[in-house]
Structures are given as C-alpha cells and as structure tokens.
Number of protein chains: 2
Amino acid sequence: MPALLESLKSEWVMGVKSQSKEPLYHKLYVLLRNSITNGSVEFGAQMPTEQQLSNAFGISRITVKRAMDDLAAENLIARQRGKGSHVTYRYEPEPVSAPLVGMLENLEEMSKHSSVRVISIESLVPPADVRETLRLNTDGTALKILRVRSNEDGQPYAYYVSWTKADKKRFTKKRVESKTRIALLKESGTRIARVEQTLSAENADAGVGALLDVPVHTALLALTRQSFDDAGDMVDILFGLYNPKLFAYKMVLGLDH
Amino acid sequence: MPALLESLKSEWVMGVKSQSKEPLYHKLYVLLRNSITNGSVEFGAQMPTEQQLSNAFGISRITVKRAMDDLAAENLIARQRGKGSHVTYRYEPEPVSAPLVGMLENLEEMSKHSSVRVISIESLVPPADVRETLRLNTDGTALKILRVRSNEDGQPYAYYVSWTKADKKRFTKKRVESKTRIALLKESGTRIARVEQTLSAENADAGVGALLDVPVHTALLALTRQSFDDAGDMVDILFGLYNPKLFAYKMVLGLDH
DNA sequence: ACATGTTGTTATAATATTATATCTTATCGA
DNA sequence: TCGATAAGATATAATATTATAACAACATGT
C-alpha cells in the first residue's frame with residue numbers, strides 16, 4: 001500500500017471513532033482536504049483512487065466519490081475519467097496578506113476609498129447593554145443601522161451595527177450612505193466630544209460570514225466605538241466587524257523614555 | 001401589538017430573507033435566543049406566546065414550539081401549560097475585559113498585574129518575512145522567544161512570539177520573565193525610538209488554543225509590534241495573540257472638529 | 001364550573017440526507 | 001484494439017429532518 005494511503009487510513013480509524021454524528025462522506029472530505037491544504041499531498045500529485053479508499057476504509061466507492069466531488073467543487077483537485085484525481089491546490093507556507101490599513105488619523109481618508117451599503121434602518125428596542133448606556137426616548141427605541149463597507153474592488157471588509165439616539169427622519173438610506181453618521185448627528189445639533197474605542201476579536205457567524213464573504217467562524221477584528229456628546233451622554237454606539245485579510249488597524253507610537 | 005413582538009417581527013422579516021437554507025425553527029430559535037442573551041427580554045418576563053409568534057411570523061405554532069422547546073432545553077426559558085414561557089436567564093452586563101490595557105504608556109502597569117511564563121528561548125534563522133525586515137547578525141540568526149502571559153487568577157490571556165536582534169546571553173529565562181524585553185534591550189544599549197503596531201484577528205490553532213485554554217478556532221486579537229531604534233532599524237518584532245474574553249484594547253479619543 | 005389562554009402529545013405528509021449497487025464512459029499502455 | 005483503470009450517471013432503500021394539524025391538558029379569573 002502506498003505511504004500516503006497508509007497514512008490516511010491511520011488517521012481515518014482514529015478520527016471515525018472519536019468524532020461521531022457527521023456523515024461518513026463529510027468526515028472523509030475533511031480528512032482529505034486537510035491532507036491537501038497542509039501540503040501532505042503535493043500540487044499535481046495523484047490522489048488515491050476511489051476504489052483504493054473504498055477498500056482501505058471499508059466504505060462504498062460512491063461515498064468516497066461524494067467526498068472527492070466535494071473536493072473538486074472547492075477546486076482542490078481535478079478529476080478525470082480514466083486518469084484519476086490530481087491535486088490542483090498550491091500549498092503556500094504563509095499566504096501573506098496586504099490588508100488595507102486603517103489608522104485613527106485618517107478615518108475620513110478611508111471612506112474615500114470605500115463605499116457603504118445600508119442594509120437596514122429601523123427603530124427598535126435595543127439589547128439591555130445598549131439600552132443601559134444610551135439614554136432613550138419615551139418608547140424605549142433607538143435607531144439601529146446595519147451597514148457593510150466595501151473597498152474599491154467591491155470586496156466587503158466591514159460590517160457595522162450601530163445604535164443611535166436620534167430621529168429617524170434625518171437618517172434616510174441615501175443620507176447614511178453618502179455622509180458619516182457623525183456628520184448627520186452634527187446636523188441635528190449633537191456634537192461628538194469624546195470617543196471611546198475598544199478593539200477585540202470575534203468569530204463570524206453565518207449571517208456576518210455571508211455579508212463579508214468569509215467562512216463561518218473566521219476570526220474578525222471587532223471594534224466597539226462609543227461616542228459621547230458635550231454633556232458626557234452617550235449618543236451613539238457602533239459595533240464593527242472587520243475581515244482581517246482586508247483590514248487591519250495600524251498605529252504609530254513615538255516613545256520618549 | 002406589544003413593542004417586543006413588533007421588534008422581533010421586524011428582525012424576522014429581515015433575517016429570513018437574507019440567511020437561507022437553515023430550517024425555520026432554528027432561525028427562530030437563534031432570533032429568540034439572542035433577544036434573551038442580549039437582555040432585550042428581561043429575566044422573568046413572559047415571552048410572546050406560541051400563538052402570537054405563529055400569527056406574527058406566518059409559520060405554524062408547532063414550528064414555533066420547536067424553537068421554544070430548544071430554548072427551554074438550554075434553560076433560557078421555563079415553559080408551563082396555561083401560563084406561558086418565562087425568561088430564566090439572567091443577563092449580566094459582562095464585566096468588560098479585566099485587563100483593559102491602552103497603549104504603550106501603561107505596559108508596565110499591565111505587567112504588574114500579570115505574570116509571564118517563558119516557553120522557549122532560541123537562536124534561530126527566522127522565516128523569510130521576519131528575516132527581511134530585521135537586519136541580522138553575521139550568522140543570520142535572531143532570538144526567538146515564546147511566552148505566555150497570565151492574569152492574577154492564573155488564566156493565560158496572551159501568547160507571544162518575538163524575534164529580537166540581540167545577544168542570547170542577556171536574555172536568560174529568568175531575566176525575560178522578570179523584566180520587559182524593551183528594558184533588556186535598553187541594557188544592551190539599544191534604545192527603542194518608535195513603535196508600529198497593527199491589530200488584527202486570527203483563529204486559534206490547536207497549539208495556541210491549548211496554551212491559552214480556549215477551543216480551537218476561537219477568534220483571537222492579533223497584535224504585530226515592530227520596534228525601531230534611533231537609526232530607524234527594526235530591532236524587534238513581536239506577534240501577540242490575545243484571548244478577547246480576557247483582554248481588549250481600549251483607547252480614548254478627544255475630537256476637536 | 002366554565003371560558004379563555006397557553007403549552008403538551010401524538011400523528012403524518014413531504015422532502016432531504018445518507019449510503020449503497022449497477023451500469024456507463026473516458027484514458028492509456030500493451 | 002483490447003484490457004485494465006479510473007471516474008461519471010442513474011437508481012434505490014433506509015432514515016432523518018422539517019413543517020404541519022388536530023386534539024389533550026393545565027392555569028387562571030369570573
């Protein structure tokens with residue numbers, strides 16, 4: 001038996017017993033995918049045949065085929081009748097990314113090179129943590145705005161949820177897409193005097209994953225920005241999630257000591 | 001219609017159209033769960049009844065029931081015939097990240113409330129990307145240090161990999177654990193004049209996950225810190241991964257305009 | 001006791017998923 | 001051209017999932 005097949009079989013008998021519930025074809029798919037993406041099987045090399053895997057693992061060829069088809073659908077392998085399946089994925093030790101860098105100083109600059117799509121604007125009852133900090137109008141609602149920001153290539157890189165203590169009239173879709181929320185607040189007489197920001201990280205859920213075009217569970221850079229007016233009252237809170245492949249937060253510090 | 005139900009309905013019509021494929025009962029479950037865990041519905045409050053949700057959302061009561069049953073199975077609500085379903089989950093406004101650390105100014109402060117464990121110190125040939133930016137000594141090696149930082153409760157919250165252009169003699173395990181790397185560099189005559197930091201996010205792999213005591217794939221706050229001396233040469237590069245549950249990066253900005 | 005409101009139980013139809021077998025077609029070397 | 005290797009196509013049986021309906025049982029106020 002070829003060394004690769006031997007190695008896979010060994011992993012298979014381990015993995016099958018531990019992880020349960022998932023269908024066979026999917027467990028096999030994951031196993032094979034890992035062997036490709038971690039470089040165990042090199043670019044261009046032939047995968048074990050359906051028959052080989054079927055025999056070695058004791059499952060039907062069709063089930064193996066299903067897993068292989070899934071790999072092909074992800075463009076990890078190319079399949080051909082009579083020839084076999086060959087790896088089309090090129091293993092790169094470290095895919096270096098050159099993300100768009102945002103600095104505090106040039107938030108306006110940033111918006112020049114990107115566009116915003118407003119998903120929704122609604123007056124809703126906010127979650128308790130927001131409700132507590134934001135002082136609310138009589139009906140207990142605030143303006144919830146969902147937005148996605150994309151770069152010049154049309155790739156979405158940021159997802160925002162904001163809660164604003166403001167009038168719905170001034171915040172039409174059009175206006176929000178063309179101006180910053182801060183500017184709109186200014187119009188209605190609210191001046192932002194202080195901003196607190198917290199940077200953290202969060203996993204993408206299905207919804208955000210779809211909007212930012214990243215797989216579920218991708219690590220995203222998370223920003224919470226609380227804006228306060230002159231009186232020290234919070235008038236706006238923004239939660240942002242950034243695709244780290246496309247956006248990173250850079251700062252330069254000068255030291256004296 | 002009650003405000004809460006109104007609010008939920010609004011979210012429902014949004015979410016159902018965008019997110020696809022998942023079964024209705026699960027989408028509803030997620031929607032309701034969020035409204036509970038984020039505190040929109042308070043502890044003890046009565047949930048909308050199955051009939052109400054069924055009518056408002058245009059799905060069968062049984063499907064609603066399934067979602068509610070799932071909530072009950074998670075002990076988020078208690079259900080009772082004739083009475084209704086009531087929230088049993090107590091919303092806690094989450095004590096915002098314990099070590100809230102700002103910038104370089106209070107790095108020393110931070111180290112007072114935490115401890116460092118050095119995993120390894122080695123002179124190695126760094127990977128290509130590090131090697132390029134760091135100007136190296138004759139033998140082409142740099143000092144690679146792996147560390148884990150824990151808070152006062154012994155919980156590990158940061159994992160560091162650093163590459164330093166320095167003498168191994170000065171960087172013994174003991175010394176690294178008691179002093180900052182910056183201070184040690186200072187001793188050897190290297191003064192840090194400028195620092196560039198980039199914040200991003202990264203998924204925990206198995207190794208880091210074990211060290212930080214988080215599940216694989218947890219989103220971690222990722223920091224890259226490049227330190228430059230007077231001459232503008234980079235003398236140190238640090239890659240840090242932080243558990244966002246225990247550490248967040250906070251900054252306060254005053255606005256003039 | 002009874003009407004009303006609310007969840008629990010049981011049954012069921014439609015569809016999707018999972019794993020299999022059988023037959024077909026393309027590739028390539030002898 | 002033939003035989004050995006591969007993957008593709010079609011069919012199918014057993015389950016699981018999803019969404020529904022109709023009826024039963026409990027809680028509460030009048």
Side-chain angles (χ1 to χ4, degrees), chain A residues 1-2 4-5 8 12 15-16 19-32 36 41 44-88 206, chain B residues 1-2 4-5 8 12 15-17 19-32 36 41 44-88:
Chain A
M1 201 186 293
L4 172 63
L5 188 57
L8 289 172
W12 177 254
V16 165
Q19 296 172 24
S20 51
K21 205 66 183 64
E22 280 171 292
L24 287 173
Y25 74 87
H26 188 254
K27 283 193 274 197
L28 179 56
Y29 161 76
V30 171
L31 177 65
L32 295 176
I36 293 170
V41 210
Q46 177 168 4
M47 297 288 291
T49 70
E50 295 178 356
Q51 201 52 249
Q52 285 178 318
L53 289 168
S54 170
N55 294 338
F57 293 16
I59 57 181
S60 90
R61 185 174 78 81
I62 312 299
T63 302
V64 175
K65 178 175 170 49
R66 167 104 189 235
M68 303 279 274
D69 285 344
D70 288 352
L71 291 175
E74 304 265 303
N75 287 319
L76 293 173
I77 62 174
R79 324 197 63 206
Q80 222 177 335
R81 273 183 178 167
K83 293 189 69 173
S85 302
H86 295 78
V87 177
T88 53
Chain B
M1 201 185 296
L4 172 63
L5 188 56
L8 288 172
W12 176 254
V16 165
K17 287 181 183 170
Q19 296 174 27
S20 52
K21 205 67 182 67
E22 278 171 292
L24 287 174
Y25 74 86
H26 189 254
K27 283 193 275 196
L28 179 56
Y29 161 76
V30 171
L31 177 66
L32 295 175
I36 293 170
V41 209
Q46 177 166 5
M47 296 288 291
T49 70
E50 297 177 357
Q51 201 55 248
Q52 284 177 318
L53 289 169
S54 170
N55 293 339
F57 294 14
I59 57 182
S60 90
R61 186 174 75 82
I62 312 299
T63 302
V64 174
K65 179 174 170 47
R66 166 103 189 236
M68 303 278 274
D69 285 343
D70 288 352
L71 292 175
E74 305 263 303
N75 288 319
L76 293 174
I77 62 176
R79 324 196 64 207
Q80 220 177 338
R81 269 184 180 165
K83 294 190 69 174
S85 302
H86 295 78
V87 177
T88 54

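Values below: all heavy atoms of this structure, side chains included; hydrogens, waters and symmetry mates excluded. First the proteins, then the strands, lettered A, B, ... as listed; each starts at 1.
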Counting only side-chain heavy atoms from C-beta out, which of D/dA7, D/dT18, D/dC26 sits nearest to B/Arg81?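 Nearest nucleotide to the side chain: D/dC26.
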
For the side chain of B/Arg79, starting at C-beta, report the closest nucleotide among C/dA19, D/dG8, C/dT7. C/dT7

Going by ring-ring contact (aromatic ring centres under 6.0 Å, His included), name the residues that satisfy it together with A/Tyr25, two or more places apart in sequence or in a different chain.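 Partners of A/Tyr25 by the ring-ring contact (aromatic ring centres under 6.0 Å, His included) criterion come out as none, since no residue qualifies.
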
[X] [atom1] to [N] [atom2]: how many Å, rounded?
X       : N      : atom1 : atom2 : value
A/Leu24 : D/dT15 : CG    : P     : 15 Å
A/Leu53 : D/dT5  : CG    : P     : 16 Å
B/Gln51 : C/dG8  : CD    : P     : 14 Å
A/Ile62 : C/dA21 : CD1   : P     : 8 Å
B/Glu50 : D/dC26 : CD    : P     : 16 Å
A/Gln52 : D/dA4  : CD    : P     : 17 Å
B/Gln80 : D/dA24 : CD    : P     : 22 Å
B/Ile59 : D/dA19 : CD1   : C1'   : 10 Å

At less than 4.0 Å, is any side-chain N or O atom of A/Ser85 found next to OP1 or OP2 of D/dA7? Yes or no. yes

Considering every strand and a 4.0 Å limit on heavy-atom distances, what is the contact class for A/Ser60: base, sugar-phosphate, or nothing?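 A/Ser60: base contact, heavy atoms under 4.0 Å.
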
Taking any heavy-atom pair under 4.0 Å as a contact, classify A/Thr63: base, sugar-phosphate, or nothing.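 Touches a base.
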
Does A/Arg66 or A/Lys83 map to a spot on DNA chain C nearer the 5' end, using the closest nucleotide for each?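 It is A/Arg66, whose closest nucleotide lies nearer the 5' terminus.
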
Sorted by position of nearest nucleotide on DNA chain C, 5' first, the leading residue of A/His26 and A/Arg61 is A/His26

I'd like to check the side chain to side chain contact (heavy atoms under 4.5 Å, CB included) partners of B/Glu74; sequence neighbours left out, ordered by chain and number.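 Only B/Tyr29, B/Leu76 meet the side chain to side chain contact (heavy atoms under 4.5 Å, CB included) criterion with B/Glu74.
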
Is A/Gln46 reaching over with its side chain to a backbone N or O of A/Lys83, donor-acceptor style, under 3.5 angstrom? yes

With rounding to the nearest 0.5 angstrom, report the CG to NE2 distance, B/Leu31 to B/His26.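 B/Leu31 atom CG to B/His26 atom NE2 measures 12.0 Å (nearest 0.5 Å).
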
Do A/Met47 and A/Ile36 come close enough that some side-chain heavy atom pair is under 4.5 Å?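 Yes. Closest side-chain heavy atoms under 4.5 Å.
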
